[in-house]
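Take a look at the structure below.
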Amino acid sequence: MKLGIVLLNMGGPTSLDKVLPFLTNLFNDPHILGIKNRLVQKALAGYIISRRLNTAISHYEKIGGKSPLLEHTLALCDEVEAEFAKLGMEAIVLPGMRYTEPRTEESLAKLVDEGCDRIVAFSMYPQYSVTTSGSSLADFDAAIKAWPHLPVTRVEQYPDERHYIGAVRHRIDESLQSLSKPPLLLFCAHSLPEKLVRQGDPYRDHVFRTVQAVLQYYPEYEHEVVFQSRATRGRWLGPSIEERLPELVDDGKLNLLVIPLSFTCDNVETSYELEIEHRELAEELGVKSYQVVQCPNASHHFAHAIRKMIMRELEHE
Ligand SMILES: C=CC1=C(C)c2cc3[nH]c(cc4nc(cc5[nH]c(cc1n2)c(C)c5CCC(=O)O)C(CCC(=O)O)=C4C)c(C)c3C=C
Ligand SMILES: [Fe+2]
Ligand SMILES: [Fe+2]
């Protein structure tokens, strides 16, 4: 068996002139705005992008002119291949991005060319949401139709899978070692419109499953759960990190360890929003220690977790 694995994610601009096509693809994805009428969807996407473009460009500018997402993912692909090689198994691992290159369709064609005889779709979002995993998996399902004979295995969600939680724990422990005082664990998840949760999106429940699974290992620490990155009007999951930070400072919580929850690789939401924007706010408010935990990225713990989850699915088939 020669496995062809695609790590499904949204992608991110790899240069400043790619911010506009990235946002255009994102806001025209029917899974993101959830509007059925194509004309209304296109008009609203155009309006949101026109208001957002310059700010988004300035965020990418401040983190070196591109998203770090693809580089982390490519390094992880190598690590996952090495993990399978340890078992004597041949696997080719490629990113499958939703809004930027390499797109899922293109990576699948490469895997087929390389002679892979089983395809694995692995979601890089631990918590399932229609807007993220749902969209990437639908994109994958559409692309794989070109090769109807190929067997497919899917890993769609793993909010409290123990190897994934293990990879997160290693990152938290790395940060804790460098701190002199025990911090408050500030779990930070990407927000989502509340309307989607009311319609049955499991994302919020999955976020709390991840929090509970991680907390088992840190019973002596205080913790809080906040949300980041509200992107459109209307009610989104809260409290937001911006509204909660001043209250935490008022309560005397001045040592914070921020744990990003919704991403497996660092991206503009962690490298700019958490590392720069919210750090500035925290420091202005008088927070003494503000540290952001790295995402699992290309750590061998996460590569190992990915191999474990894929092997478990393969054994069930
Ligand atoms: C209605 C808009 C959006 C929803 C819903 C949404 C959900 C959502 N997104 C992520 C993960 C990521 N989002 C990223 C960037 C990003 N997301 C939106 C909009 C929505 N996201 C925008 C407009 C952007 C661009 C950046 C910005 O302007 O803020 C990224 C980063 C990619 C990168 O370039 O590095 C990630 C990752 C999750 C997990 C989620 C819901 C669960
Ligand atoms: Fe997003
Ligand atoms: Fe954001």
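Atoms within a ligand are numbered from 1 in the order they appear, just like the ligands themselves.
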(request) Show all protein N/O/S atoms under 2.8 Å from the Fe ion (ligand 3), or state that there are none. (result) Ser229 OG, Glu269 OE1, Glu269 OE2, Glu273 OE2

(request) Would you indicate which of Phe27, Phe263, Tyr203, Tyr272 comes nearest to atom 11 (C) of ligand 1 when only heavy atoms are counted? (result) Phe263

(request) For residues 89-107, pull every pair meeting salt bridge (charged side-chain N to carboxylate O under 4.0 Å, His left out), keeping only residues two or more places apart or in separate chains. (result) Lys2-Glu90, Asp29-Arg98, Arg98-Asp139

(message) Checking Glu220 now: which residues fulfil side-chain contact (heavy atoms from CB on, under 4.5 Å) with it, not counting sequence neighbours?
(response) none

(request) Tell me which one of Asp29, Asn267, Ile49 gets a heavy atom nearest to atom 37 (C) of ligand 1. (result) Asn267

(request) For atom 35 (O) of ligand 1, state which one of Gly11, Ser67, Cys265 supplies the nearest heavy atom. (result) Ser67

(message) Just to be sure I read this right, does ligand 1 sit under 4.0 Å from the backbone of His59, its side chain, both, or neither, counting only heavy atoms?
(response) neither

(message) Does ligand 1 come near enough to Ala56 that some N or O of the ligand is less than 3.5 Å from an N or O of the residue?
(response) no

(request) Tell me which one of Arg52, Met124, His72, Met10 gets a heavy atom nearest to atom 23 (C) of ligand 1. (result) Arg52

(request) Could you check Ser262, Ser191, Ser129 and say which one makes a side-chain hydrogen bond (donor to acceptor under 3.5 Å, both in side chains) with Tyr203? (result) Ser262

(message) Consider side chain to side chain contact (heavy atoms under 4.5 Å, CB included). Of Val130, Leu137, Thr131, which one does Ser133 pass it with?
(response) Leu137

Atom pairs and distances, side-chain donor-acceptor, residues 310-317, under 3.5 Å, sequence neighbours left out:
| unit_1 | atom_1 | unit_2 | atom_2 | d |
| --- | --- | --- | --- | --- |
| Arg312 | NH1 | Glu161 | OE2 | 3.3 |
| Arg312 | NH2 | Glu161 | OE2 | 2.6 |
| Glu317 | OE1 | Arg118 | NH1 | 2.9 |
| Glu317 | OE1 | Thr153 | OG1 | 2.8 |
| Glu317 | OE2 | Thr153 | OG1 | 3.2 |

(message) Heavy atoms only, cut-off 4.0 Å: how does Tyr128 contact ligand 1, side chain, backbone, both, or neither?
(response) neither

(message) Just so I know, are the side chains of Pro260 and Val292 near enough to count as touching, which here means a heavy-atom distance under 4.5 Å?
(response) yes

(request) Please say which of Met10, Gln157, His206, Glu156 ends up in a side chain to side chain contact (heavy atoms under 4.5 Å, CB included) with Tyr125. (result) Met10

(message) Would Arg169 and Tyr217 count as a cation-pi pair here, with the cationic atom under 6.0 angstrom from the ring centre and within 45° of the axis?
(response) yes

(message) Does any N or O of ligand 1 fall below 3.5 Å from an N or O anywhere on Thr132, backbone included?
(response) no

(request) Measure Thr55 to ligand 1 on non-hydrogen atoms and call it side chain, backbone, both or neither using the 4.0 Å cut-off. (result) neither

